[in-house]
Structures are given as C-alpha cells and as structure tokens.
Number of protein chains: 2
Amino acid sequence: MPKQTKTYIKILEAALPLFAAFGYKGVAMRDIANTVGITAAALYNHFPNKDNLYFKALEYAFDAQVSGLAGMLAKTQTPRQRLTAFIAFWVETFGSDVILRALLQREMTDADEVRLRMLIQHVFQPIYLEVEEFLRSITSRHDPLMLFVSIAGLVMYHFETAPLRKLLPNFHPGQDEHDAIIEHVTSLLIHGLDVP
Amino acid sequence: MPKQTKTYIKILEAALPLFAAFGYKGVAMRDIANTVGITAAALYNHFPNKDNLYFKALEYAFDAQVSGLAGMLAKTQTPRQRLTAFIAFWVETFGSDVILRALLQREMTDADEVRLRMLIQHVFQPIYLEVEEFLRSITSRHDPLMLFVSIAGLVMYHFETAPLRKLLPNFHPGQDEHDAIIEHVTSLLIHGLDVP
DNA sequence: GTCTATATACCGATAGAC
DNA sequence: GTCTATCGGTATATAGAC
C-alpha cells in the first residue's frame, strides 16, 4: 500500500468535496474514481477500503488547517483586541472553507468514536488549549469549556443555518458577510444584551 | 394510498428514531418494516416510496412539537424573565428530544430545498415571529435575525457538541445538565463577557 | 393489507491480464 | 499501477397470490 504519491493526494482532494456534499454513504468509490480519472478498482492500489479512504481524506482536510492560531492571541494586545482577533480567525477559517465546515458538521452528527478523537486531536484540542487560558484571564464567571462551546456555536451557527436563514423573514444577504458576523458576534459577546 | 391509519402512524414512529440515528441512506425499508413487524413490501401500501415516507416522518415529528411557545413570552414578565423563559423553553425542547434534534441537525447539513421549507414553516418561522418582537423590545443594537441565529447557536451547540466535548480537557458531566446550560447561556447573553 | 417472489439497479471489493 | 470483468451482497420497488 503506497503512500503520499501524487495520485494518492489527487484521490484525497477529489474525494473531499464529494464527501462534504453527499456524505459517506452518498459517495460511491466509482464517483471518486471518475472524478480522478481512473477506475474504482485502481483506488484499491492506494487505499485498502472505502472506510480508510474516507478517514485519510478527513485527516488530510483537517491537518494544518487550524494551525494559524498560534501566536495570534499574543499578549501584546488588549483583551478586547485578542477576543476580536480570535472570533475573526474562527469566522475566516470556517467561513471560507465550505468543505471543511460540511465535513465537520457531518462528523458531529454521525459521532463516530474513532473519528471524533481524530477531530479533537487535529482541530479542537489545539484551539481549545490556546483559547482556554485567554478566556480564564478575562472572566471567572463562566466554566471555560462551556464558554468555549458557546462561542463556537455563536460563530458556527451563522454558517450552519445559512441555507435555512434565506427562507426566514428579515433575511438580507449582508447577514452572510464575514465582517457583519464578526462585528455582531464580538459585540454580543463583549456587551451582552443589557436586559433590564 | 390510505392515510392516518394505525399502521401508518406506527410506521412513522418506527422510522423516526432510525432516521435520526443513521440518516436517510443509513436506513433501509427492510429496517423500518422489521421494527414495525411487517415486510418491506407492505410499506408500499402506505407510502409511494422511501422519499415520501421520510418526508411524512419528518413532518410528523416536527408538527406540534414547537407549539409550546405561544404565550410563554407573555408581557406580564420582566424582559429578563422572558429571556430566561425563552432560553429554558429552547433548551428543554431540544434537550429532551434527542430524535428531534438529530433530525434537525441532519436536515441542516443536507439542506434539501423542499424539506427546509417545511422545517421553516413548522419549526423556525413560528418561533422566530414570536421572538423577534421581543428581541426588538430589548435591544436595537443587533439585527433581529442575526441575534436569533446567535441565540439558537448558543443553545444548540451545547447539544451538538455533546459527543465531542466528552473528549476535551475540563469536561465534566455537569456541563450537560439543562439547568447548567440555561444558567450559562442566559448569564452570557445578559451580561456579556465584560472584556476590558 | 400482508405475504412471497422477483425484477432491476447499485455498491464494495477481488482476480487477473497488461 | 491501471485496466476489464465479475462476484456477492444489498437496496428500492413491483407483481401477484391470499
């Protein structure tokens, strides 16, 4: 079973958008092969089975994608600037990569134990560890993990609900723009609703 | 094609947990039939095809499920009480019904145009219209729809990430409890982080 | 309205020639 | 490393007896 050859990578990059759009069961080995330009049988020279191909594709997609965070929360900034930078990073990362977001969403609903552990290791753990200390430094009112989940949901739901929101009253395209989301989320996070 | 007979309902109720757990493609007509106690062929006396069975099951699941909101935001309460009541309703509704939440999550990732419209009509539009006026009454800083999405994500992500969070540092089971989520989310919404 | 039997299609994976 | 050919399994859906 060869590794990291040129076709190996080509296969992964052909498979990713398919899995993102149609899910694991919605993509046939023949579909991936056709996209690459080979036959389904040839795929088995690179991957032992479909499961493995999917897993390697996931790993490839999430690897290095979330490495931009290091140093971004540098302490030379004010807490408010650091929060804004963090939210902006989050929005840009998942806002610009539709495939990454779709894969993540599918993995969270399918909740396969082994794949979730890989996701934690590659995506969430690095972000979480980097952010947790920062969160602790600005508030002691909230459980750090719960706050992390809240912020994640606050950001991600603006993307997850995108196809849905278009059908609601008061929708306008400006609500999809990254700057608007960043502004709205940070403002809400910093000030709250100030309810009497 | 008969309608609303006893077996018709039995089929829907047998199908729902299956679709919620394994998705549309992950459930075979045979699986549903076995759960009901009939053969797959007999299903076609009640539904023209699998697509229709799935759609009717979704409709059945979401119908009347979200009707508890009416009057809950009664204006006899203070804004803060109304906000808390709304968050509590949201958490209880989707926190206690794993099937409903899984179905919703799958629909949002698959994003089928026709089914999304049904979801809007049955679930989100009623909630949104009820809540929008309330949101407007307590703040003019935020776009109502964006604020609605933010609050939804704030609540839902504590459930969506449940299988994931167990694997993160600082996890403890108390973070899954409804009261803790309600307390955390309302507190965060009302006060914000108060970042300097 | 349910059954058995079956048509038809698709999928993952393998065998073997080149 | 890719191809053609194919096996074995499983899926939706239909036909027809009861």
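Chain identifiers are assigned alphabetically (A, B, ...) following the order of the sequence lines, protein sequences preceding nucleic acid strands; residue numbering begins at 1 within each chain.
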**Prompt:** Residues from residues 15-23 of chain B sitting under 4.0 Å of DNA chain D, heavy atoms only?
**Reply:**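 Within this stretch, nothing sits under 4.0 Å of the strand.
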
**Prompt:** When the ring centroid of B:His184 is compared with that of B:His158, is the distance short of 6.0 Å?
**Reply:**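 Close enough - the centres of the two rings lie under 6.0 Å apart.
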
**Item:** Interatomic spacing from OH in B:Tyr128 to CG in A:Leu167 - rounded to 0.5 Å
**Value:**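 Reported to 0.5 Å precision, the distance equals 13.0 Å.
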
**Item:** From A:Leu58 atom CG to A:Phe19 atom CZ, the distance as rounded to the nearest 0.5 Å
**Value:**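 If I round to the nearest 0.5 Å, the distance is 8.5 Å.
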
**Prompt:** Does any non-hydrogen side-chain atom of A:Asp143 lie less than 4.5 Å from one of B:His172?
**Reply:**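 With C-beta onward as the side chain, the pair touches.
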
**Item:** Min side-chain heavy-atom separation A:Asp110-B:Phe22 under 4.5 Å
**Value:**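 SC-SC contact between A:Asp110 and B:Phe22 ruled out.
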
Distance in angstrom units between [X] [atom1] and [N] [atom2], rounded:
X       : N      : atom1 : atom2 : answer
A:Tyr8  : D:dG1  : OH    : P     : 12 Å
A:Asn34 : D:dT4  : CG    : P     : 11 Å
A:Ile9  : D:dG1  : CD1   : P     : 13 Å
A:Ile38 : D:dC3  : CD1   : P     : 6 Å
A:Tyr24 : C:dG12 : OH    : C1'   : 9 Å
A:Leu43 : C:dT14 : CG    : P     : 13 Å
A:Asn52 : C:dG12 : CG    : P     : 14 Å

**Request:** Flag yes if B:Leu16 and B:Val98 sit in one hydrophobic cluster, no otherwise; membership is Ile, Leu, Val, Met, Phe, Trp, Tyr, and two members link when side-chain heavy atoms are under 4.5 Å apart.
**Result:**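 Each belongs to a different hydrophobic cluster.
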
**Message:** Heavy-atom nearest nucleotide on DNA chain C for B:Thr7 versus B:Lys25: which residue maps closer to 5'?
**Reply:**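 By nearest-heavy-atom nucleotide position, the 5'-most residue is B:Thr7.
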
**Request:** Look at the side chain of A:Ala28 and decide which nucleotide, out of D:dG1, C:dG1, C:dG12, has an atom nearest to it.
**Result:**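 So the side chain of A:Ala28 is nearest to C:dG12.
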
**With sequence neighbours excluded, residues passing side chain to side chain donor-acceptor pair (under 3.5 Å) with A:Glu107** =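 Testing A:Glu107 for side chain to side chain donor-acceptor pair (under 3.5 Å), a comparison that skips the adjacent residues, returns A:Tyr54, A:Arg115.
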
**Asked** Between B:Tyr24 and B:Asp51, is any side-chain donor less than 3.5 angstrom from a side-chain acceptor?
**Response**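 Side chains of B:Tyr24 and B:Asp51: pair found under 3.5 Å.
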
**Donor + acceptor pair across side chains of A:Gln81, A:Thr78 (<3.5 Å)** =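 Yes, A:Thr78 and A:Gln81 have a side-chain donor paired with an acceptor closer than 3.5 Å.
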
**Request:** Between protein and nucleotides 13-18 of chain D, map the contacts as a letter string: B base, S sugar-phosphate only, - none, heavy atoms under 4.0 Å, written 5' to 3'.
**Result:** BB----

**Message:** Using a heavy-atom cut-off of 4.0 Å across all strands, would you classify B:Val27 as base, sugar-phosphate, or nothing?
**Reply:**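 Touches sugar-phosphate only.
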
